[in-house]
Amino acid sequence: MQESSRSSAQSQAEKMFSTMGEYLRSELTASTHDYELLEKMNRIATEKYKEMAGFAGSMSAFMDNVEEKHQELNLHLAQIDEVLAGVSELERVVAALDDYTRDLEKRFDTLLR
């Protein structure tokens, strides 16, 4: 009986070690799949960040170009403001000359009568 009890214990131990081996293999397989998935996610994130860096670089260049054009535009707007100021001054002078001319016409008409 001792032999059968020993054989049963040995059989149970072998079954336990076999089951434990299968469990550890499946845990390692799950960990391997997790690491493979993490590696894939990291590759995708790296590509995405490269795209974003390229886009940010393009936007920076675009903004530099826009700023340059804005400065050029401000220069032209300042020139337009100067021209408008000159035109306003000319309109004021023309109005004054017009008034003076009317006054002279009236005086001339009075002298002719």
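On a predicted model such as this, the values are computed, not experimentally measured, just so you know.
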Nearest 0.5 Å please: distance from the CD atom of E82 over to the CG atom of L77.
-> 11.5 Å
Distance from K69 atom NZ to N65 atom CG, nearest 0.5 Å?
-> 5.0 Å
If you round to the nearest 0.5 Å, how far is CG of L75 from NE2 of H70?
-> 12.0 Å
Would a distance-only check, ignoring hydrogens and angles, find a side-chain to backbone donor-acceptor pair under 3.5 Å from S60 to G57?
-> no
K40 and E36 ion-paired at < 4.0 Å = no
T29 side chain vs R25 backbone, donor-acceptor pair below 3.5 Å = yes
Separation between NE2 of H33 and CG of L28, rounded to the nearest 0.5 Å = 11.0 Å
Taking the side chain as every heavy atom from C-beta outward, state whether L112 and F108 have any pair of such atoms under 4.5 Å apart.
-> yes
Sidechain-backbone polar pair: S11 side chain, S7 backbone, donor-acceptor under 3.5 Å = no
Does the pair R102/D99 count as a salt bridge with the N-to-O cut at 4.0 Å?
-> yes
Starting at CE of M41, measure out to OG1 of T46 and round the result to the nearest 0.5 Å.
-> 11.5 Å
In Å and rounded to the nearest 0.5 Å, what is the CG to CG distance from L97 to D103?
-> 12.5 Å
Side-chain touch L84/I80, heavy atoms, less than 4.5 angstrom | yes
